[in-house]
Protein chains: 2
Amino acid sequence: MARTVKGPDARRERWKGHREQRRAEFVEATIAAVAKKGPDVGMEDVAAEAGVSKPVLYRHFTDKSDLYLAVGQRATELLMDRMGPALAADGPIRARIERIVDAYLSVIEENPNLYRFVVKGSFVDRPVEKDVVQEDKNLIATTLARILGDYLRAFDMDSGGAEPWAHALVGMVQNAGDWWLDRQTMSRENLSDYLATIIWHAIDGLLRSAGVQADPAKPLTPLRLVD
Amino acid sequence: MARTVKGPDARRERWKGHREQRRAEFVEATIAAVAKKGPDVGMEDVAAEAGVSKPVLYRHFTDKSDLYLAVGQRATELLMDRMGPALAADGPIRARIERIVDAYLSVIEENPNLYRFVVKGSFVDRPVEKDVVQEDKNLIATTLARILGDYLRAFDMDSGGAEPWAHALVGMVQNAGDWWLDRQTMSRENLSDYLATIIWHAIDGLLRSAGVQADPAKPLTPLRLVD
DNA sequence: CGGTAAGTGTTACTTGAGGTAACGGTTACT
DNA sequence: AGTAACCGTTACCTCAAGTAACACTTACCG
């Protein structure tokens, strides 16, 4: 009896990993189906792509939006794998900005279909449910707001604007990225450079207006030149 | 016989204005229905809101997306009525920027439900069809790009960045607006000011980097101080 | 080994919203 | 009087999401 106390039954545990794997498998199938049949695939299509019939799908996902949510989360992973390091890395400001921007652009460049599927329409059913895209944007914006706020406070400046700033930056990069993804009229490097320039100038101007002189080639450390 | 030559039949003309009016009426009903029953209203709901049964709706709109498209166009009108003048007006740069931004924010502030319905999900059916939101953003961005490009050329600067700049600005204001609309943690004035400041600094930095000194309180006219 | 919990899979159904058919009434131009 | 354009209805069709019911497999448990 002593050992039954811990786990009620090992049969329940046996599949733990398997279910995860299966879900992932279906997520991949969905991505493949989207690539093949456009962004408005049905559950039947997805099931077929996975070589399976609908009810099997419904054993792993409660409904369509659950599946699509999982696809969104997979996309989030892809994005964060590259954005995370870029956001965390330190270094010369200007280069740091460009790296973050370029990390984002590289992800959407490599997964345009997935990106469009997740971001643009498609997520047919989700009234007020979880919106992965919104969450990602908020996550990134929050991180940026923290970074910006820290610096502003370090310079003894009002940090109240950090949040709108952060959301503005996120929207800026996203929309420019959308535009670029549709009509690719310039290289990614070029766009990263343009965007980083805009952002750097905006930051520089903000600091200047508070009497701070920053060097784009140096890490952003408090260094007040004017008082 | 002479007069029948001109118009095939006056009966066809009789309704011309009427149909327009009726469509507008249904568009209003849709907006009302959305306000009442959330963003995922069905055709039945809309028809009921208009005090009519489904087939009547389908005499005026080919399908759901046609109706929603019309709603989008109505929203575009509301937006452009205010953005147009702001974009066209001349004046001190900094103030001009702020006016444009504030025009946008005022519209979404006054029609939050309509805004969310049109922009966020909901437009359930429209695979690759007309996307009103995208069109509006492109229209505004194109206008901005023209303005920016003209100025850059006037200063003998490279105007190749005008387009990405424009799209970046549009995304910036939109996303900051979204954020603000959800959690209204600051006044509209305040946000307009923040955003205008960012934009002004970015422009100023761009000009500086080309050796041009601009005065935010003056209209943006070519005036090279450094060469 | 028999029992059973979890998972594999199928076909055939129900449901609900988008959209249509078919019918009848009204107005006012010709 | 005839008819072109609308108004409006109820009852239906269609198609994709989601479910019911049924049958087979694996492997832990006692």
K.L.:
Under the salt bridge (charged side-chain N to carboxylate O under 4.0 Å, His left out) rule, what pairs show up with a residue in residues 164-175 of chain B, not counting sequence neighbours?
P.N.:
none
K.L.:
Whole Å only: how far is the CZ atom of R19(B) from the C1' atom of dC7(D)?
P.N.:
12 Å
K.L.:
Tell me the interatomic distance from D45(B), atom CG, to dG18(C), atom P, rounded to whole angstroms.
P.N.:
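So the two atoms are 8 Å apart, to the nearest Å.
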K.L.:
Between protein and nucleic acid, restricted to nucleotides 9-13 of chain C and to nitrogen or oxygen atoms under 3.5 Å apart, what atom pairs and distances do you find?
P.N.:
residue, atom, partner, partner atom, Å
dG9(C), OP2, R22(A), NH1, 2.6
dG9(C), OP2, R22(A), NH2, 3.1
dG9(C), N7, R59(A), NH1, 2.9
dG9(C), N7, R59(A), NH2, 2.8
dG9(C), O6, R59(A), NH2, 2.6
dT10(C), OP2, S53(A), N, 2.8
dT10(C), OP2, S53(A), OG, 2.2

K.L.:
Output all residues satisfying side chain to side chain donor-acceptor pair (under 3.5 Å) with D81(A), sequence neighbours left out; order by chain, then residue number.
P.N.:
none
K.L.:
Please name all residues satisfying ring-ring contact (aromatic ring centres under 6.0 Å, His included) with W180(B), sequence neighbours left out, ordered by chain then number.
P.N.:
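Testing W180(B) for ring-ring contact (aromatic ring centres under 6.0 Å, His included), a comparison that skips the adjacent residues, returns none.
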K.L.:
Starting at atom CZ of R23(A), determine the distance to atom C1' of dG7(C), rounded to an integer number of angstrom.
P.N.:
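About 16 Å, once rounded to whole Å.
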K.L.:
Separation of E25(B) atom CD from dG8(D) atom P, in whole Å?
P.N.:
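Value for this atom pair: 8 Å.
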K.L.:
Report the distance from atom OH of Y58(A) to atom P of dT8(C), rounded to the nearest whole Å.
P.N.:
17 Å
K.L.:
Please set out all donor-acceptor pairs under 3.5 angstrom arising from side-chain atoms of residues 140-150 of chain A, sequence neighbours excluded.
P.N.:
residue, atom, partner, partner atom, Å
T142(A), OG1, N138(A), O, 2.6
T143(A), OG1, L139(A), O, 2.9
D150(A), OD1, R153(A), NH2, 3.4

K.L.:
Starting from P on dG19(C), measure out to CG on L67(B) and report it in whole angstrom.
P.N.:
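Result: 10 Å.
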K.L.:
To the nearest Å, how far apart are E44(B) CD and dT10(D) P?
P.N.:
10 Å
K.L.:
Once ring pair (Phe, Tyr, Trp, His ring centres under 6.0 Å) is applied, what residue pairs with a partner in residues 45-66 of chain A remain, sequence neighbours excluded?
P.N.:
F26(A)-H60(A)
K.L.:
Kindly determine whether T197(B) and R94(B) satisfy side-chain hydrogen bond (donor to acceptor under 3.5 Å, both in side chains), including the steps that lead there.
P.N.:
CA-CA 8 Å; T197(B) 299; R94(B) 175 50 220 266; 3.3 Å; yes
K.L.:
Once you round it to whole Å, what is the distance between P of dA17(D) and CG of D63(A)?
P.N.:
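These atoms are roughly 11 Å apart.
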